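None of these values were measured; they are calculated from a predicted model. For the single chain, residues carry numbers from 1 onward in sequence order. Scope of the values below: all heavy atoms of this structure, side chains included, with no hydrogens, waters or symmetry mates.
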Amino acid sequence: MATSVAWQPQEQGFNEICRLLEQQISPSSTADKSQIWQQLQQYSQFPDFNNYLAFILARAEGKSVEIRQAAGLLLKNNLRTAYKSMSPSNQQYIKSELLPCLGAADRHIRSTVGTIVSVVVQLGGIAGWLELLQALVTCLDSNDINHMEGAMDALSKALFVSMDQYLQGLFLLSNDPSAEVRKLVCAAFNLLIEVRPSFLEPHLRNLFEYMLQVNKDTDDDVALEACEFWHSYFEAQLPHENLKEFLPRLVPVLLSNMIYADDDESLVEAEEDESLPDRDQDLKPRFHSSRLHGSENPEDDDDDIVNVWNLRKCSAAALDVLSNVFGDEILPTLMPVIQAKLSASGDEAWKDREAAVLALGAIAEGCIKGLYPHLSEDIGHQNGREQFEKVLMGLLKRILDTNKRVQEAACSAFATLEEEAAEELAPRLEIILQHLMMAFGKYQRRNLRIVYDAIGTLADAVGFELNQKYVANNYLDDMQPVYLDILMPPLIAKWQLLPNSDKDLFPLLECFTSIAQALGAGFTQFAQPVFQRCINIIQTQQLAKVDSVAAGAQYDKEFVVCCLDLLSGLAEGLGSGIESLVAQSNLRDMLLQCCMDDASDVRQSAFALLGDLARVCPVHLQARLSDFLDIAAKQLNTPKLKETVSVANNACWAIGELAVKARQEISPIVMTVVLCLVPILKHSEELNKSLIENSAITLGRLAWVCPELVSPHMEHFMQPWCIALSMIRDDTEKEDAFRGLCAMVKANPSGALSSLVFMCRAIASWHEIRSEELHNEVCQVLHGYKQMLRNGAWDQCMSALEPPVKDKLSKYQV
């Protein structure tokens, strides 16, 4: 059978056309331009002339950009008159040469290609060029700026020239029998809503109807592409109201798509009974986040049930977006379906139960007010409270489900609910703890980690409430803890059961950290064995690092990090109550070693603990104070600061805490630290917010403790320092920083003169200075400058301030 041979240019014809184009565009050419134009027009009579032009534009990389662009512009003009009469093979050749050039390195070539693409779409319609849709989608998904710009350019030109034709072509293809075509149509609509939403506004009703239909497509890839549309719609910031009437139909479709598909790759283990032990390969790697002091505590990424982005996860994410946009308005449609699925029984119904639980987790943030209107006594909210009770009990029941995957989803959803409902859960603590501890007793290893997380999140949410006691036997002196009796015995039993080398300790250590912080002094009765075990584990790991045989364990830094963080939790919870435990241990020397560790996450947690110990028992750090300060200062003066910014952040905070407690004893290190902090403040836009805040606070604390050392240099850092101070929320650490400001101004008033406007803005950033003493000091500073600046200089300074800043300063009587 004969096969068609792909078109190839002849060298002679290629060279001749390039010569003519060069003469045509060259300003120095002596050739007759009209004669050249006539020759090019004559060549246009040859059927493959336009193929030559496409080849020169796309592939003649040895020729100048000007020649290639001239070939492209001539091709565009020729196509306007000749495209429809060209042979299909030549049309196809030209289209195939254009597509790779959408992302050409030269922007002139990209622009010319975009113009030609718009002409081809205008003449041949989008339905005749499906490859263009795929190419545009690929380019826009690329991380290559040339590809993205080229696709945007081509898309906008094609749309401006022939929008109606383009949309008409898409709607014609919308019900194509090929799943790949339907997927491309959805992708094209998603592109449009992202880059030119205004074009689609007149067609939104039809588009919503179509996307609702395709969201139920039998091909999951098509349905997934359609589901992405709902995210794209809200990101395009089109009016939310447009979609409201479609919610009763959209919400059930999303919920239906959240049910596990029969061919889901994770179904193999999902259908395992709860009684089957987890295998080691079932346990996903887990990563502990070291403690970070400051405004940017990183939230753990959700450990998604399925790692692959699929229709189920996309539908849950869309429901999450809807709940945040429409809030309680989706509940009347959603809750009856959820409650029916939660109640479904039988082996096969676990998928329905799991999807319902997943949906509750997705809407917990957006719909929390509708699920639970904050205990208002207003009878109109009675239904809301009943709704919340149903949701809560439904989730607790599913936490005890017999299917592992339902257990997992229920615990994760409950953790989200805990974060949103917070202290409102306190009246229900007993029944919540009973369910969680029953789950703790029956879960296998993988889901046990999620129970630990749910318990830790609960402790963070309700805090000191966990200490609640009741009166036993009518004797007031016989107060018994009601919640701790439920919570702690199973956890302590597990704690004693696990050996020091078992990685299942990690989530338990994290859980204890949250509980210790929540209980405060209430954790004292459990503190000694927990503290001692942390010390033992760190010692073993430090030995294992140099001699694993002698240690009897392989080194794993995560044991060290988790134990350091739990010790920080104990210091935060017990306060000075931890002092006796520290006094009887070698924690100080062990901590010093951790502060010098080569692993950044070990150092990060070590400096967090150093700061916590400085707050509650500084006396036990005294003997090695200069060593701690030297090592902490080195973390701020490293060429790899951006890579280890969290270590620097905690080291900076720890220096400030040590300064407040050690006072003049830190004087030998003060200027070393100041010289490290000033460049950080001057390059604030390049570093994270938390490090900038801690640098500003620590600089202020050093100035408060040693104003005579810091104030001579204040003119070099006042402006960036004051800018950073003005961004910090009101708290005791900010008070310390402003005590340093006042102390420096007292020691060197002229040092702040050139930055007085910035200092005034920093002072105005306070909502309220609660310390009367500090308030008075700030008043004295402002009045001092008002008296110092005569002959209108003070008024000139005030005139440079914004009206809200002036209003805030009025409370200081200036």
Side-chain angles (χ1 to χ4, degrees), residues 614-615 653 655-664 666-667 670 674 677 681 693-715 717-814:
R615 278 180 157 182
W653 174 77
I655 291 170
E657 292 296 338
L658 287 166
V660 171
K661 289 291 165 40
R663 311 297 295 178
Q664 288 292 325
I666 68 150
S667 56
V670 164
V674 170
L677 295 178
L681 292 171
E693 288 186 3
N694 276 318
S695 297
I697 289 164
T698 295
L699 181 56
R701 285 173 157 177
L702 295 174
W704 178 29
V705 171
C706 299
E708 71 288 351
L709 295 178
V710 183
S711 61
H713 311 278
M714 59 195 284
E715 64 185 295
F717 59 76
M718 277 300 290
Q719 185 172 321
W721 183 47
C722 286
I723 291 171
L725 287 177
S726 65
M727 307 300 287
I728 301 173
R729 64 189 178 280
D730 292 9
D731 62 11
T732 54
E733 293 182 347
K734 185 171 179 174
E735 286 184 2
D736 288 350
F738 272 78
R739 288 189 177 97
L741 174 67
C742 295
M744 278 200 296
V745 167
K746 204 174 287 183
N748 179 18
S750 62
L753 275 175
S754 61
S755 304
L756 194 54
V757 168
F758 294 93
M759 191 179 79
C760 288
R761 287 182 186 138
I763 291 170
S765 72
W766 281 96
H767 294 291
E768 179 190 4
I769 300 179
R770 296 196 173 182
S771 162
E772 188 179 346
E773 178 195 0
L774 178 59
H775 179 88
N776 292 339
E777 282 187 54
V778 170
C779 273
Q780 287 171 19
V781 165
L782 288 171
H783 282 275
Y785 280 116
K786 188 174 181 178
Q787 289 170 4
M788 183 190 296
L789 296 171
R790 300 188 178 280
N791 302 321
W794 174 257
D795 293 334
Q796 190 178 345
C797 171
M798 288 295 105
S799 68
L801 297 173
E802 302 77 8
V805 173
K806 290 183 194 172
D807 290 344
K808 289 277 189 74
L809 293 180
S810 64
K811 68 175 76 169
Y812 304 100
Q813 287 83 48
V814 290

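Across all their heavy atoms, Met788 and Pro749 have their closest contact at CE-CB, 3.5 Å. Shown here for Trp704 and Ala743, the closest heavy-atom pair between the two residues is CA-CB, 4.4 Å. Closest non-hydrogen pair, Val710 versus Ala703, comes out as CG2-CA, 4.0 Å. Across Ala659 and Val705, no two heavy atoms sit closer than the pair O-CG2, 3.4 Å. Listed here is the closest heavy atom pair of Leu782 and Cys760: CD2-SG, 4.2 Å. Taking all atoms of both residues into account, the shortest heavy-atom contact from Gly700 to Trp721 is CA-CZ2, 3.5 Å.
Summarising the geometry, atom CG belonging to Leu681 is positioned 11.5 Å from atom CE belonging to Met718; distances are rounded to the nearest 0.5 Å. Note that OG of Ser754 is 9.0 Å distant from CE of Met714, once rounded to the nearest 0.5 Å. Note that CD1 of Ile697 is 13.5 Å distant from CD1 of Ile655, once rounded to the nearest 0.5 Å. Distance check: Glu733 CD to Asn694 CG gives 6.5 Å after rounding to the nearest 0.5 Å. For the atom pair Asn776 CG and Ser771 OG, the distance stands at 8.0 Å (nearest 0.5 Å). With rounding to the nearest 0.5 angstrom, the CG atom of Leu809 is 6.5 Å from the CG atom of Leu801.
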Q: Just do the side chain to side chain contact (heavy atoms under 4.5 Å, CB included) check on His713 and Val674 with the steps written out, would you?
A: CA-CA 9 Å; His713 311 278; Val674 170; 5.7 Å; no
Q) Please walk me through it: do Val745 and Tyr785 pass side chain to side chain contact (heavy atoms under 4.5 Å, CB included)? A) CA-CA 10 Å; Val745 167; Tyr785 280 116; 3.5 Å; yes
(Q) Determine whether Cys742 and Met744 satisfy the following criterion, side chain to side chain contact (heavy atoms under 4.5 Å, CB included), listing intermediate values before the conclusion. (A) CA-CA 5 Å; Cys742 295; Met744 278 200 296; over 6 Å; no
(Q) Let's go through His775 and Tyr812 carefully: what are the C-alpha distance in whole Å and the side-chain angles of both, what is the deciding distance for ring-ring contact (aromatic ring centres under 6.0 Å, His included) to 0.1 Å, and is it a yes or a no? (A) CA-CA 8 Å; His775 179 88; Tyr812 304 100; 5.0 Å; yes
Q: For Trp766 and Phe738, run ring-ring contact (aromatic ring centres under 6.0 Å, His included): C-alpha distance rounded to whole Å, both residues' side-chain angles, the deciding distance at 0.1 Å, then the answer.
A: CA-CA 11 Å; Trp766 281 96; Phe738 272 78; 5.5 Å; yes
Q) Going through the distances and angles, do Glu693 and Arg729 end up as a side chain to side chain contact (heavy atoms under 4.5 Å, CB included)? A) CA-CA 10 Å; Glu693 288 186 3; Arg729 64 189 178 280; 3.9 Å; yes
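A donor atom on one side chain and an acceptor atom on the other are not found under 3.5 Å apart for Lys808 and Ser765. No hydrogens or angles considered: nothing links the side chains of Trp794 and Gln787 as a donor-acceptor pair under 3.5 Å.
Other residues, nucleotides and ligands place more than 12 heavy atoms under 6.0 Å from the CD atom of Glu708. More than 12 heavy atoms of other residues, nucleotides or ligands shown are found within 6.0 angstrom of CG on Asp731. Crowding of Arg770 atom CZ: a count of heavy atoms from other residues, nucleotides or ligands under 6.0 Å not exceeding 12. In the displayed structure, Glu772 atom CD is contacted under 6.0 Å by at most 12 heavy atoms of other residues, nucleotides or ligands.
For Thr698 (side chain) and Ser695 (main-chain N/O), no donor-acceptor pair under 3.5 Å exists by modelled atom type. Side-chain atoms of Ser755 do not come within 3.5 Å of backbone N or O of Phe758 as any donor-acceptor pair. Within the 3.5 Å criterion, the main-chain N or O of Lys811 finds a donor-acceptor partner in the side chain of Gln813. The closest donor-acceptor contact from the side chain of Asp736 to the backbone of Arg701 lies at 3.5 Å or more, if one exists at all. Looking only at distances, a side-chain donor or acceptor of Ser810 sits under 3.5 Å from a matching main-chain atom of Asp807.
A salt bridge between Lys734 and Glu768 is absent, with no side-chain N of the basic residue lying under 4.0 Å from a carboxylate O of the acidic one. For Glu735 and Arg739, the salt-bridge test passes: some basic side-chain N is under 4.0 Å from an acidic carboxylate O.
Considering only heavy atoms from C-beta on, Asp730 stays 4.5 Å or farther from Ile769 through its side chain. Residues Leu753 and Leu789 form a side-chain contact, since some pair of their non-hydrogen atoms from C-beta on lies under 4.5 Å apart. Contact check for Met759 versus Val781: side-chain heavy atoms found under the 4.5 Å cut-off.
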